[in-house]
**Student:** 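Mind having a look at this structure? Questions to follow.
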Amino acid sequence: MRFTKTAGIVLLGLAVLAGSVACQKTAETTAAEDHVAVTEFEGVVRTGLGRYMYLSTAQGFDIVLPGFDAASVVGKTLKVKGNLLVDHPPVFLADSVESGGQTIYTRSGGFAPEDFVEMKVREAVPALAITGVNKPEEWEGKGEGKVYGQLMKGDVSAIVLTDDKGRETARIIVDSVSTYSNYYIQKLKLFDKFWFYLKVKDSVDRKDRAKTKAIFHADVVGVGLY
């Protein structure tokens with residue numbers, strides 16, 4: 001069964017609330033600077049890609065492990081110790097990871113933004129009101145923007161946009177997807193559609209737009225339910 005957009009937002013809100021309560025209950029000591037309480041989570045890794053990991057008991061947070069391949073521990077039960085970063089919500093920076101009583105990761109560096117999209121940055125990105133293929137002024141010169149659609153993977157991947165009746169109105173050719181975005185796509189596997197944050201690139205030739213409904217190229221730099 002697929003979730004609706006409204007149900008997704010409600011579930012996300014509940015997940016964040018649950019994660020916040022869990023963190024408060026497991027707080028041990030106060031950390032310095034941009035960190036809050038040192039916290040511990042233990043649970044099954046549901047999603048992992050690059051340095052990003054989603055733990056079943058840390059709902060609402062992205063666990064970041066600099067220099068670690070999180071895909072290697074998907075499905076395993078882990079104990080993670082680290083800090084919530086106040087300046088970079090919802091990042092939980094892991095200090096150490098244990099599996100079966102053995103330490104498999106110890107952090108040796110700090111958090112670097114890299115491909116991570118800050119919440120305040122995401123909130124400032126405007127939505128692109130795409131009504132069809134023949135109005136390039138709706139996307140040209142914008143630089144960046146967000147669209148609500150469905151990712152169709154293939155030799156040439158694209159984000160498909162639809163109208164209120166579910167009819168395809170246009171599609172955006174995806175040139176690249178950041179690791180953080182791919183990680184989030186995995187997290188949102190129960191949803192058909194969500195928001196894509198884009199770097200808007202070159203327009204498709206007018207004649208080709210009419211044939212394929214593809215309107216421009218873009219790099220996906222962020223993904224989310226809102």
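Computed from a predicted model, the values in this text were never measured in an experiment.
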**Student:** Do we see a donor-acceptor contact under 3.5 Å between the side chains of T131 and E138?
**Tutor:** yes
**Student:** To the nearest 0.5 Å, what is the distance between CD1 on I104 and CD on E98?
**Tutor:** 9.0 Å
**Student:** Quick check for you: to the nearest 0.5 Å, what is the distance between D115 atom CG and Y183 atom OH?
**Tutor:** 11.5 Å
**Student:** Would a single hydrophobic cluster contain both L190 and V44, if residues Ile, Leu, Val, Met, Phe, Trp and Tyr are joined by side-chain heavy-atom contacts under 4.5 Å?
**Tutor:** no
**Student:** Have T169 and D163 got a donor and an acceptor in their side chains that come within less than 3.5 Å?
**Tutor:** no
**Student:** Between G110 and P66, which heavy-atom pair has the shortest distance, and what is it?
**Tutor:** O-CG, 3.8 Å
**Student:** One pair to check against side chain to side chain contact (heavy atoms under 4.5 Å, CB included): E144 and Y197. What are the steps and the verdict?
**Tutor:** CA-CA 8 Å; E144 63 179 10; Y197 293 79; over 6 Å; no
**Student:** Taking all atoms of both residues into account, what is the closest heavy-atom pair of A58 and I63, and its distance?
**Tutor:** CB-CD1, 4.3 Å
**Student:** Any non-hydrogen side-chain atom of Y105 less than 4.5 Å from a side-chain atom of S96?
**Tutor:** no
**Student:** When you compare the side chains of T162 and E168, does any donor N or O come within less than 3.5 Å of an acceptor on the partner?
**Tutor:** no
**Student:** Tell me, with the steps shown, if F196 and K146 meet side chain to side chain contact (heavy atoms under 4.5 Å, CB included).
**Tutor:** CA-CA 5 Å; F196 294 85; K146 66 178 182 178; over 6 Å; no
**Student:** When you compare the side chain of F92 with that of L85, does any pair of heavy atoms fall below 4.5 Å?
**Tutor:** no
**Student:** In terms of hydrophobic clusters joined by side-chain contacts under 4.5 Å, are I172 and V204 together?
**Tutor:** no
**Student:** Do L65 and V74 sit in the same hydrophobic cluster, where Ile, Leu, Val, Met, Phe, Trp and Tyr count as joined when their side-chain heavy atoms come under 4.5 Å apart?
**Tutor:** yes
**Student:** Given the rule in the side chain to side chain contact (heavy atoms under 4.5 Å, CB included) test, do L49 and T179 qualify, once you have shown the distances and angles that lead to the verdict?
**Tutor:** CA-CA 7 Å; L49 186 65; T179 300; 4.1 Å; yes
**Student:** Side chains of H217 and D202: is there a donor and an acceptor less than 3.5 Å apart?
**Tutor:** no
**Student:** Is there a side-chain contact between V174 and I159, using heavy atoms and a 4.5 Å cut-off?
**Tutor:** yes
**Student:** With a cut-off of 6.0 Å (strictly less than), are more than 12 heavy atoms of other residues, nucleotides or ligands near CD of Q102?
**Tutor:** no
**Student:** Is there a side-chain contact between V177 and I185, using heavy atoms and a 4.5 Å cut-off?
**Tutor:** yes
**Student:** Please assess V121 against E123 for the test side chain to side chain contact (heavy atoms under 4.5 Å, CB included), listing each intermediate value before the final yes or no.
**Tutor:** CA-CA 5 Å; V121 173; E123 290 174 347; over 6 Å; no
**Student:** Minimum heavy-atom separation for W139 and V133, please, with both atom names.
**Tutor:** CH2-O, 3.7 Å
**Student:** E40 versus V80: any side-chain heavy-atom pair under 4.5 Å?
**Tutor:** no
**Student:** So how far is it from K199 NZ to K142 NZ, rounded to the nearest 0.5 Å?
**Tutor:** 15.0 Å
**Student:** What's the spacing between I173 CD1 and S203 OG if we round to 0.5 Å?
**Tutor:** 10.5 Å
**Student:** Kindly indicate whether the side chain of I130, heavy atoms from C-beta on, has any atom under 4.5 Å from the side chain of I215.
**Tutor:** yes
**Student:** Identify the heavy atoms of R107 and G109 that sit nearest to each other, and give their distance.
**Tutor:** NH1-O, 2.7 Å
**Student:** If I take atom NZ from residue K76 and atom OG from residue S99, how far apart are they, to the nearest 0.5 angstrom?
**Tutor:** 5.5 Å
**Student:** Starting from the C-alpha separation in whole Å, work towards a yes-or-no answer on salt bridge (Lys or Arg N to Asp or Glu O under 4.0 Å) for K81 and D95.
**Tutor:** CA-CA 6 Å; K81 294 182 180 180; D95 289 330; over 6 Å; no
**Student:** Is the ring pair Y180/F116 parallel, tilted or perpendicular, if the boundaries are 30 and 60 degrees?
**Tutor:** perpendicular
**Student:** Closer than 3.5 angstrom, by distance alone: can the side chain of R171 be matched with the main-chain N or O of A158 as a donor-acceptor pair?
**Tutor:** no
**Student:** Are the side chains of W195 and L225 in touch, meaning some heavy atoms are under 4.5 Å apart?
**Tutor:** no
**Student:** Considering non-hydrogen atoms only, spot the tightest contact between G222 and S181 and give its length.
**Tutor:** N-OG, 3.0 Å
**Student:** Quick one: does T57's side chain have a donor or acceptor within less than 3.5 Å of a partner on F41's backbone?
**Tutor:** no
**Student:** Provide the closest heavy-atom pair for G43 versus L55 in the form atom of the first, atom of the second, distance.
**Tutor:** O-CD1, 3.3 Å
**Student:** Give, for atom CZ of R167 and atom CG of L161, the distance between the pair rounded to the nearest 0.5 Å.
**Tutor:** 14.5 Å
**Student:** Same cluster or not: are F194 and M119 linked, directly or through other Ile, Leu, Val, Met, Phe, Trp or Tyr residues, by side-chain heavy atoms under 4.5 angstrom apart?
**Tutor:** yes
**Student:** Between Y54 and K187, is there a cation-pi geometry (under 6.0 Å to ring centre, at most 45° from the normal)?
**Tutor:** yes
**Student:** Using a strict 4.0 Å threshold on nitrogen-to-oxygen distance, state whether R51 and D69 make a salt bridge.
**Tutor:** no
**Student:** Does the side chain of V73 come within less than 4.5 Å of M53's, by heavy atoms?
**Tutor:** yes
**Student:** Treating Ile, Leu, Val, Met, Phe, Trp and Tyr as nodes and any side-chain heavy-atom pair under 4.5 angstrom as an edge, say whether F191 and V147 lie in one connected cluster.
**Tutor:** yes
**Student:** Taking atom types as modelled and ignoring hydrogens, do the side chains of Y226 and R122 form a donor-acceptor contact shorter than 3.5 angstrom?
**Tutor:** yes
